[in-house]
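Have a look at the structure below before the remarks.
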Amino acid sequence: MRKIQIGNCAENVVERADYPPQRIKAILGNETVAVLGYGVQGRGQSLNMKDNGVNVVIGLRDTKGRSWDLAQQDGWVPGKTLLSLEEATTKGTIVQYLLSDAGQKDQWPKLKPLLTAGKALYFSHGFSIVYKDQTGVIPPKDIDVILVAPKGSGTTVRRLFLEGKGINASYAIHQDATGKALDRCLATGIAIGSGYLFETTFQKEVYSDLTGERGVLMGAIYGLWLAQYEVLREHGHSPSEAFNETVEEATQSLYPLIAENGMDWMYANCSTTAQRGALDWFKIFRDATKPVFEKLYQSVASGEETKRVLDANSRADYREQLEKELKEVAASEMWQAGQVVRSLRPERMAKSKG
């Protein structure tokens, strides 16, 4: 672990080199990690740990659902490494609680009695602990409670691992009952495929995560794209032109440059006309949207957002309503244009010809 200084802020950072395979084995060699849930995070994290030599079992609610079938396809064996939630929780010494937020609330009364003294309860999101008044998730005092939150989807966690890379992730200790919570947390954090880990708290993780998802990661970025696309279309630009100028150039050209070298480098390597326009307009967009982000943050901090999530995700028709909303997005002209534009990328054309 080392400290890094960014401006006037010092942060604790753990790198992969701090937890090489032999250290992970020394810490986790006698542990069994029970991964509850096989969604995108559960799948990615469990497969990476398995490949890193960690003893892993999977726990699922439904033995006849899609997740059970997918887990079997990935090599997990029913009755041995593929179990019910209760069996996996009993067997696990580190229990990764990776069900959906609504699922965590629903299953908690059945699983809490199985979290016996000395175990570790692991989260990848601070939701259930921070909003315990809404979820009822209050861990026993005699277990460790830890968090590793990858800054990306489970699909990315797995893909980067297979490429020999690692995803950035945050870590936090909520409760250290055994004196081993930090080592358990960090060793598991590297074993799931993290490239480096930065310190946070459960509360800061969930506040930043919920704000980010609703903001620039998903909600705000789509809102901005849609607004620009609609303005261009209303002024007579074709769907292809509107989509390329709004989404395709951003994701295929400019965003990768920002990821590699930073915003200043991307600005410096664009035309002088683009530079001037960006430097003139970014503050206008910041000033227009900052009050919206403040409103969003307060909605997260107050618990209003989590109440909406739990209410919606607990409805019997949740899946049907979700599919309906997603189909509306897919059927919109903007994403129909996107489907066509993506199919015309040179690498797609080359594959189809091959």
Side-chain angles (χ1 to χ4, degrees), residues 9 11 36-37 39-45 96-108 121-139 145-157 167-175 185 189 192 194 196-227 255 285-286 288-315 318-319 321-323 325-326 329:
C9 184
E11 299 185 49
L36 307 188
V40 286
Q41 283 296 340
R43 187 186 189 197
Q45 292 191 33
Q96 292 193 342
Y97 208 22
L98 301 183
L99 301 174
S100 69
D101 296 319
Q104 289 184 16
K105 176 184 178 181
D106 181 58
Q107 296 297 316
W108 182 248
L121 180 61
Y122 167 114
F123 294 87
S124 281
H125 191 26
F127 190 108
S128 289
I129 293 292
V130 173
Y131 300 104
K132 60 183 181 296
D133 291 345
Q134 295 182 38
T135 65
V137 176
I138 302 173
V145 182
I146 59 180
L147 173 143
V148 177
K151 297 298 104 180
S153 76
T155 302
T156 308
V157 171
I167 196 161
N168 304 337
S170 59
Y171 75 91
I173 309 299
H174 179 71
Q175 193 167 281
C185 179
I192 68 164
S194 302
Y196 88 92
L197 299 151
F198 60 93
E199 188 175 20
T200 188
T201 67
F202 274 62
Q203 184 183 77
K204 287 178 180 176
E205 187 282 328
V206 73
Y207 283 13
S208 62
D209 190 73
L210 293 179
T211 299
E213 288 170 348
R214 287 149 179 75
V216 296
L217 298 179
M218 297 173 69
I221 197 65
Y222 181 36
L224 285 171
W225 283 349
L226 196 57
Y255 290 175
F285 280 106
R286 178 201 62 190
T289 59
K290 191 172 180 180
V292 179
F293 280 101
E294 180 61 32
K295 181 179 179 181
L296 167 58
Y297 190 88
Q298 294 305 325
S299 181
V300 169
S302 70
E304 182 180 342
E305 289 299 308
T306 52
K307 183 179 186 304
R308 186 181 299 115
V309 167
L310 292 172
D311 288 347
N313 293 3
S314 298
R315 293 173 188 157
Y318 166 69
R319 286 290 173 188
Q321 290 301 316
L322 174 64
E323 290 299 322
E325 290 181 84
L326 292 177
V329 172

Quiz item: What's the verdict on side chain to side chain donor-acceptor pair (under 3.5 Å) for Glu305 and Ser299, showing C-alpha distance, side-chain angles and the deciding distance?
Solution: CA-CA 6 Å; Glu305 289 299 308; Ser299 181; 2.7 Å; yes
Practice problem: Apply side-chain contact (heavy atoms from CB on, under 4.5 Å) to Asp209 and Lys151, showing your working. | Solution: CA-CA 9 Å; Asp209 190 73; Lys151 297 298 104 180; 4.2 Å; yes
Quiz item: Is there a side-chain contact (heavy atoms from CB on, under 4.5 Å) between Val148 and Phe123 once you walk through the steps?
Solution: CA-CA 6 Å; Val148 177; Phe123 294 87; over 6 Å; no
Quiz item: Please walk me through it: do Asp101 and Asn313 pass side-chain contact (heavy atoms from CB on, under 4.5 Å)?
Solution: CA-CA 8 Å; Asp101 296 319; Asn313 293 3; 5.7 Å; no
Self-check item: Trace of the side-chain contact (heavy atoms from CB on, under 4.5 Å) decision for Val145 with Tyr122
Solution: CA-CA 6 Å; Val145 182; Tyr122 167 114; over 6 Å; no
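Residues Val292 and Lys295 are not in side-chain contact: their nearest non-hydrogen atoms beyond the backbone lie 4.5 Å or more apart. With contacts defined as side-chain heavy-atom distances shorter than 4.5 Å, the pair Pro139/Ile129 qualifies. Side-chain atoms of Leu147 and His174, non-hydrogen and from C-beta on, never get closer than 4.5 Å to each other. Here the side chains of Arg43 and Thr155 are not in contact, with every heavy-atom distance at 4.5 Å or above. Contact annotation: the side chain of Gln45 approaches that of Leu98 to within less than 4.5 Å [non-hydrogen atoms, C-beta and beyond]. Under the 4.5 Å side-chain criterion, counting only non-hydrogen atoms from C-beta, Pro150 is in contact with Gln41. No side-chain heavy atom of Thr211 sits less than 4.5 Å from a side-chain heavy atom of Ser208. Inter-residue side-chain proximity for Ile173 and Cys185 is flagged as met; some heavy-atom pair is nearer than 4.5 Å.
Judged purely by distance below 3.5 Å, without hydrogens or angles, the side chains of Ser170 and Glu205 never pair a donor atom with an acceptor atom. Side chains of Thr306 and Gln134: a donor on one and an acceptor on the other come within 3.5 Å. Defined by atom type and a distance below 3.5 Å, a donor-acceptor pair is present between the side-chain atoms of Glu294 and Gln298.
In this structure a side-chain-to-backbone donor-acceptor pair under 3.5 Å is present from Ser100 to Gly103. Judged purely by atom type and a 3.5 angstrom limit, Gln104 uses its side chain to pair as donor or acceptor with the backbone of Tyr97. Proximity of a side-chain donor or acceptor of Trp108 to a complementary backbone N or O of Thr135 within less than 3.5 Å is not detected.
Legend: residues meeting ring-ring contact (aromatic ring centres under 6.0 Å, His included) with Phe127, ordered by chain and number and at least two apart, are His125, Tyr131. The ring-ring contact (aromatic ring centres under 6.0 Å, His included) test applied to Tyr196 returns no partner, not counting sequence neighbours.
Nearest approach of Phe293 to Ala220, heavy atoms of both residues: CZ-CB, 4.1 Å. Of all heavy-atom pairs between Val157 and Ile192, the closest is CG1-O, 3.4 Å.
If you take CG on Leu210 and OH on Tyr297, they are separated by 10.5 Å, rounding to the nearest 0.5 Å. One distance of note links CD of Gln96 with CG of Leu121; it measures 10.0 Å at 0.5 Å rounding. One finds the CD atom of Gln321 at 11.0 Å from the CG atom of Leu326 (value rounded to the nearest 0.5 Å). In this structure, Glu199 CD and Lys204 NZ are separated by 9.0 Å, a value rounded to the nearest 0.5 Å. Here the CD1-OG distance, from Ile138 to Ser128, works out to 11.5 Å after rounding to the nearest 0.5 Å. Residue Leu310 holds its CG atom at 11.0 Å from CG of Asp106, rounded to the nearest 0.5 Å.
The environment of OH in Tyr222 is crowded: more than 12 heavy-atom neighbours from other residues, nucleotides or ligands sit within 6.0 Å.
Here Tyr171 and Phe198 keep their ring centres 6.0 angstrom or further from each other.
A salt bridge is defined here as a Lys NZ or Arg NE, NH1 or NH2 lying under 4.0 Å from an Asp or Glu carboxylate O, and Glu304 with Lys307 fails to meet this definition.
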